[in-house]
Amino acid sequence: MIYLNGQYMPIEEAKVPVLDRGFIFGDGVYEVIPVYSRRAFRLDEHLGRLKHSLDGIRLANPHRNEEWVSILNAVIAGNAPDDQSLYLHITRGVAKRDHAFPVPPVAPTVFVMSNPLTTPPASLLDSGISAVTATDNRWLRCDIKAISLLPNVLLRQMAIDAGCAETLLMRDNEFLTEGAASNVFVVKNGVLLAPPKDNLMLPGITYDVILEIASASGIPHEVRRISVAEVFEADELLLTSSTREVLAITRVDGKHVGAGIPGPMFRRMHALYQDYKHNVMRAK
Ligand code: PDD
């Protein structure tokens with residue numbers, strides 16, 4: 001069961017007009033929210049980031065947070081799995097094709113769907129994943145979770161074409177920003193390094209959890225620019241996202257990262273993340 005513009009229905013019945021600005025221009029924003037044991041993970045933070053994205057594209061938030069909570073809870077209740085991945089999508093609505101915002105404004109299109117949450121299998125946790133690197137050729141507002149994802153799609157496909165799982169993005173061939181659909185951490189000499197949350201990367205909710213867990217557990221960490229050279233000389237590389245949680249990247253551009261197997265920082269962060277999830281989320 002999905003939600004579309006005030007109504008709940010099976011996804012097969014959901015229809016959006018072809019003049020929707022999401023379809024025509026990619027003019028909208030989205031969120032992906034994991035649900036564990038029927039509870040939306042870090043909902044306040046996801047709704048906060050949604051507001052940031054809406055402000056970034058100058059679109060009014062169509063709902064107050066209490067309304068979002070009831071819509072999301074209804075979608076969670078209308079779907080079978082206990083663990084789900086909610087997808088929330090808002091566009092500037094349906095209007096005659098014109099780049100300028102519609103005058104007077106039209107109602108936004110609001111869509112929420114749920115998919116089963118499939119977290120990485122044990123085999124992937126044991127092996128880690130392979131990645132390629134590419135120039136980050138996206139715009140300068142990567143902090144907005146925009147539905148116009150063509151650069152991310154093309155960048156991710158580079159990884160798939162190379163038999164890899166993710167593309168690590170390097171801005172100006174100088175520094176690491178993030179993955180095509182994930183955040184990336186570097187580990188060097190026992191220190192967890194994270195790129196700063198600026199306009200060049202998506203402020204990941206999982207990224208924040210990782211840094212909070214690192215602080216709480218006394219794991220040395222630093223938030224700062226990470227050079228391309230540091231990526232290639234890393235002892236370990238970690239990838240995070242709502243759906244992939246924490247994964248080790250064990251190969252980059254065909255070369256081993258460190259020892260070429262998931263390292264001690266990965267194992268520790270993964271265990272702490274699972275603890276957090278079970279103790280804070282499932283046991284609430
Ligand atoms: N993407 N950076 C980018 C470009 C992303 O698309 C994502 C997540 C992240 C990680 O953010 P979070 O930890 O809040 O999931 C970082 C989602 C999962 C997607 O587009 O499907």
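Please read these numbers as outputs of a predicted model, since none were measured by experiment. Numbering of ligands and ligand atoms starts at 1, following listing order. For reference, positions follow the sequence shown, starting with 1.
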Atom 2 (N) of ligand 1 [closest protein heavy-atom partner, distance rounded to 0.1 Å]: Glu178 OE1, 2.6 Å
Residue and atom name of the nearest protein heavy atom (relative to atom 6 (O) of ligand 1), distance in Å to one decimal: Ala181 CA, 3.4 Å
Stepwise salt bridge (Lys or Arg N to Asp or Glu O under 4.0 Å) check, Lys277 with Glu245: CA-CA 10 Å; Lys277 206 170 89 179; Glu245 299 185 337; 2.7 Å; yes
is_close_aromatic(Phe185, Tyr207), centroid dist under 6.0 Å: yes
Closest approach of any protein heavy atom to atom 21 (O) of ligand 1, naming residue and atom: Val32 CG2, 3.7 Å
Shortest protein heavy-atom distance from atom 20 (O) of ligand 1, along with the residue and atom involved: Tyr30 OH, 2.6 Å
Polar side chain donor-acceptor pair, Asn173 to Thr135, under 3.5 angstrom: yes
Protein heavy-atom partner closest to atom 10 (C) of ligand 1 - residue, atom, separation in Å: Asn183 OD1, 3.5 Å
Atom indices of ligand 1 within 4.0 angstrom of Arg49 heavy atoms, with elements: 11 (O), 12 (P), 14 (O)
Counterpart residues, ring pair (Phe, Tyr, Trp, His ring centres under 6.0 Å), relative to Phe232 (two or more places apart): none
Interfacing atoms of ligand 1 (cut-off 4.0 Å, heavy-atom, Ala180): 4 (C)
Contact atoms of ligand 1, heavy-atom distance to Ser242 under 4.0 Å: 12 (P), 13 (O), 14 (O), 15 (O)
Smallest separation among heavy atoms of Ile213 and Tyr276, with atom names: CD1-CB, 4.1 Å
Option with minimal heavy-atom separation from atom 8 (C) of ligand 1, where the choices are Arg42, Arg156, Lys145: Lys145
Location of contacts on Met201 toward ligand 1, heavy atoms closer than 4.0 Å: neither
Any donor-acceptor N or O pair under 3.5 Å, side chains Thr91, Asp27: no
Given Thr118, Leu125, Leu124, Thr119, the one that forms side chain to side chain contact (heavy atoms under 4.5 Å, CB included) with Pro121: Leu124
Structural part of Ile205 in contact with ligand 1, heavy atom criterion under 4.0 angstrom: both
Arg92 NZ/CZ over Phe101 ring centroid, <6.0 Å and within 45° of normal: yes
Reported OG-to-CD distance for the pair Ser217 and Glu212, which is rounded to 0.5 angstrom: 11.0 Å
Under the salt bridge (Lys or Arg N to Asp or Glu O under 4.0 Å) test, residues paired with Glu233 that sit two or more places apart: none
Ligand 1 versus Ser182: contacting region, heavy-atom distance under 4.0 Å: backbone
Residue and atom name of the nearest protein heavy atom (relative to atom 13 (O) of ligand 1), distance in Å to one decimal: Thr206 OG1, 2.5 Å
Protein contact to atom 18 (C) of ligand 1 [nearest heavy atom, distance to 0.1 Å]: Thr243 OG1, 4.0 Å
Atom 11 (O) of ligand 1 [closest protein heavy-atom partner, distance rounded to 0.1 Å]: Gly204 CA, 3.5 Å
Close approach, Arg244 and ligand 1, non-hydrogen under 4.0 angstrom: no
